[in-house]
Amino acid sequence: MGGVEDEEPASKRMKLASTEFRALSNGSSKDLMARPLPSEGDNGKVIGSRGVIKRDEFVRIIANALYSLGYKNSSARLEEESGIPLRSSSVNIFMQQILDGNWDESIKTLHKFGLSNENMVKSACFLILEQKYLELLEIDKVMEALKTLRTEIAPLSINIDRIHELSSFVMSPSRSGLIGEENSRGKSRTKLLEELQKLLPPAIMIPENRLEDLVEQALLLQRDSCVYHNASDQEMSLYMDHDCGKHKIPSQTFQVLQAHSDEVWFLQFSHNGKFLASSSSDLSAIIWEVNSYGKFSLKHKLSGHQKPVSLISWSPDDNQLLTCGVEEVIRRWDVSTGKCLHVYEKAGFGMLSCGWFPDGKSILAGINDKSISMWDLDGRELDSWKGQRISKISDLEISDDGKNIITICRETAILLLDRETKTDRWIEEDQAITSFQLSKDNKFLLVNLLNQEIHLWSLVGEPNLVCKYTGHKRARFVIRSCFGGLEEAFIASGSEDSRVYIWHRGSGELIKALAGHSGSVNCVSWNPTNPHMLASASDDHTVRIWGVKGLNVESKNAYSNGVHYCNGGA
């Protein structure tokens, strides 16, 4: 077979004048019917180990792909050598008639294809006559265009709205440019051919990029069936079947962060993945900075709370941080300087939870009088929701559009509050709810329960339970879980047995149980920009950073700012 540099055309190839046509078709059969081409000799045999691939279809798809890639001479040689034309001569004639603007003859040829689907034939005729009508208007042959509209297009009795739109073009002060954005008749006719190619049966005109579509489908099917898939699509190869393997899941301890002096209760990565914030019963929160090599260093230790710090929330731009003390106050911090910018409190009551509105100009606070307050950054109350809105142990989430507030309102119920419609929806569980997290796309909610189960709920339409995850241990403490990995394909959770558990989100299969901590693991957070980085917070006073083998940072057997660099061990 020749390459793109071949000069000698195949002897059986039809010679056609239009360059656009040469880019779209070839073929050598002399029959005037466009039904699927019959197989010749052994060309009808199947190939492949399963015997499901028809040889003639396979050859035609390869020839079509070669043409799409610009290897026209190679495609022609393949047709000649195999004896299998890409298209019948009637289809080639039809395509040339379209490119030449020979509309009436092209419709006659279309009817010779012997298509049994009358609606398909009408739709194809409509597309052809529409192009004819627009080109007549383009050259100011208005009467001929109107005749085409009234006597040829309208009698098809399809797409009436489009017919009305076409008729309005007659009154347009400037009819130039009607046939396409490129304002080029040749390019517009080529687009018409592409539309006809999508409409007509593939046995007559193979869809463009069919081979690419088939290969892409195969790759995506392999990706979707890979339980451990946690790598970018660029890492997939046609040379081998795709299988990530467990080594793509962060399971190796890279660093142990040891600057807290008591139990670490909560942690969360910033949206840009460049920072990690942790909070502790030692009354402090810490901002850790992640450098380009994946190493963590202590940036600021935030002190000022009089009670343990239970929750943290990053501002949408990651420049500020909220910290919430247990039934105490909420503090707002500047991430770059570590300075406390404001303290939010309500006389006689304590704060339970906190969160940012998407615009970064206001915050939400869950208060122990079972209400939710909305404050601007200066502490002025903008709105409030009272009643049975929030429980004593509560998380708080706000949808990205700012319309929905999610909170635990009763021991076994989660409230979905629509701020615009003032309507409530609920997720009802049979067991007490201890924590939850909203997915990045706002379509799913991960709910931790007292009975050592984690439930995944879909929030699209009426809430419905999608999957359950089990295996971790929870008896006394609040244990938090999270979404993570590439496209949030995994679920991670802490556990009272000192392990971090990881499940496949779709199947619920337990993939990993990571050992390393010496106390209950209270919270986990997956880096939103690095699918191979996971952090866990524990009662052993440490934060542990988990990574993937082969992506390890340079190890250091030293302590610096409370950071212990591990040499790959757990």
Quick one: do the [X] and [Y] side chains pair a donor with an acceptor below 3.5 Å?
| X | Y | result |
| --- | --- | --- |
| Glu429 | Trp457 | yes |
| Ser261 | His541 | no |
| Trp385 | Ser371 | no |
| Trp375 | Ser362 | no |
| His260 | Thr542 | no |
| Ser536 | His517 | yes |
| Ser353 | Asp395 | no |
| Ser297 | Glu289 | no |
| His504 | Ser507 | yes |

Rounded at 0.5 Å granularity, tell me how far [atom1] in [X] sits from [atom2] in [Y].
| X | Y | atom1 | atom2 | result |
| --- | --- | --- | --- | --- |
| Asp262 | Ser281 | CG | OG | 3.0 Å |
| Asn159 | Arg162 | CG | CZ | 7.5 Å |
| Leu341 | Leu377 | CG | CG | 9.0 Å |
| Lys191 | Gln197 | NZ | CD | 15.0 Å |
| His532 | His247 | NE2 | NE2 | 8.5 Å |
| Phe275 | His300 | CZ | NE2 | 8.0 Å |

What I want to find out is whether [X] reaches [Y] closely enough, with some N-O distance under 4.0 Å, to be called a salt bridge.
| X | Y | answer |
| --- | --- | --- |
| Lys248 | Glu235 | yes |
| Glu428 | Arg410 | yes |
| Glu453 | Arg474 | no |
| Asp359 | Lys361 | no |

_Between Arg331 and Glu345, does the salt bridge (Lys or Arg N to Asp or Glu O under 4.0 Å) criterion hold? Intermediate values first, please._
CA-CA 9 Å; Arg331 289 178 175 268; Glu345 54 189 328; over 6 Å; no

*Indicate the ring-plane relationship of Trp526 and Phe490, choosing parallel, tilted or perpendicular according to the 30° and 60° boundaries.*
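Rings of Trp526 and Phe490: parallel, under 30°.
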
*Take the angle between the ring planes of Trp503 and Tyr501 and call it parallel below 30°, perpendicular above 60°, tilted in between.*
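Rings of Trp503 and Tyr501: parallel, under 30°.
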
Are any side-chain N or O atoms of [X] and backbone N or O atoms of [Y], one a donor and one an acceptor, separated by less than 3.5 Å?
| X | Y | answer |
| --- | --- | --- |
| Asn527 | Leu534 | no |
| Gln255 | Phe296 | yes |
| His229 | Ala231 | yes |
| Asp378 | Arg380 | no |
| Glu328 | Gln306 | yes |
| Ser538 | Val543 | no |
| Ser251 | Ile249 | yes |
| Ser315 | Asp318 | yes |
| Asp418 | Lys422 | no |
| Glu327 | Phe349 | no |

_Worked check of side-chain contact (heavy atoms from CB on, under 4.5 Å) between Ile454 and Ser493_ = CA-CA 9 Å; Ile454 302 171; Ser493 179; 3.6 Å; yes

*Would you mind telling me which of Leu456, Val500, Val447, Asn448 makes a side chain to side chain contact (heavy atoms under 4.5 Å, CB included) with Ser481?*
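Exactly one pass, corresponding to Asn448.
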
[X] versus [Y], closest heavy-atom pair with distance:
| X | Y | value |
| --- | --- | --- |
| Ser435 | Arg480 | CB-NH1, 3.5 Å |
| Ile330 | Ala365 | CD1-CB, 3.5 Å |
| Ala535 | Leu276 | CB-CD2, 4.0 Å |
| Ser525 | Leu267 | CB-O, 3.8 Å |
| Pro531 | Asn230 | O-ND2, 2.9 Å |
| Ser237 | Leu219 | O-CD2, 4.0 Å |

*Given Ile545 and Leu257, is the side-chain contact (heavy atoms from CB on, under 4.5 Å) satisfied, shown in steps?*
CA-CA 8 Å; Ile545 307 300; Leu257 314 182; 4.2 Å; yes

*When you look at Leu465 and Lys468, which way does the side-chain contact (heavy atoms from CB on, under 4.5 Å) test go after all the steps?*
CA-CA 8 Å; Leu465 183 61; Lys468 297 181 180 181; 3.5 Å; yes

Quick one: does [X]'s side chain get under 4.5 Å of [Y]'s, heavy atoms only?
| X | Y | result |
| --- | --- | --- |
| Lys403 | Glu420 | yes |
| Thr407 | Ile414 | no |
| Met533 | Phe269 | yes |
| Leu415 | Trp426 | yes |
| Glu496 | Ile479 | yes |
| Pro358 | Ile398 | yes |
| Arg425 | Glu462 | yes |
| Val264 | Asn522 | no |

*Do other residues, nucleotides or ligands put more than 12 heavy atoms under 6.0 Å from the CG atom of Asp430?*
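12 or below, so no.
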
*Over 12 non-hydrogen atoms of neighbours within 6.0 angstrom of NZ in Lys299*: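 Counting other residues, nucleotides and ligands, NZ of Lys299 exceeds 12 neighbours.
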
*Test Lys443 against Asp441 for salt bridge (Lys or Arg N to Asp or Glu O under 4.0 Å), laying out the working first.*
CA-CA 5 Å; Lys443 294 180 179 180; Asp441 61 10; 5.1 Å; no

*For the rings on Trp356 and His271, is their centre-to-centre separation under 6.0 Å?*
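Ring centroids of Trp356 and His271 are no less than 6.0 Å from each other.
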
*Is the NZ or CZ atom of Arg505 positioned over Phe444's six-membered ring, under 6.0 angstrom from the centre and within 45° of the axis?*
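The answer is yes; both the distance and angle limits are met.
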
*Please report the C-alpha distance between Asp369 and Lys346 in whole Å, then the side-chain angles of each, then the deciding distance to 0.1 Å, and finally whether the side-chain contact (heavy atoms from CB on, under 4.5 Å) criterion is met.*
CA-CA 10 Å; Asp369 64 354; Lys346 187 174 182 179; 3.2 Å; yes

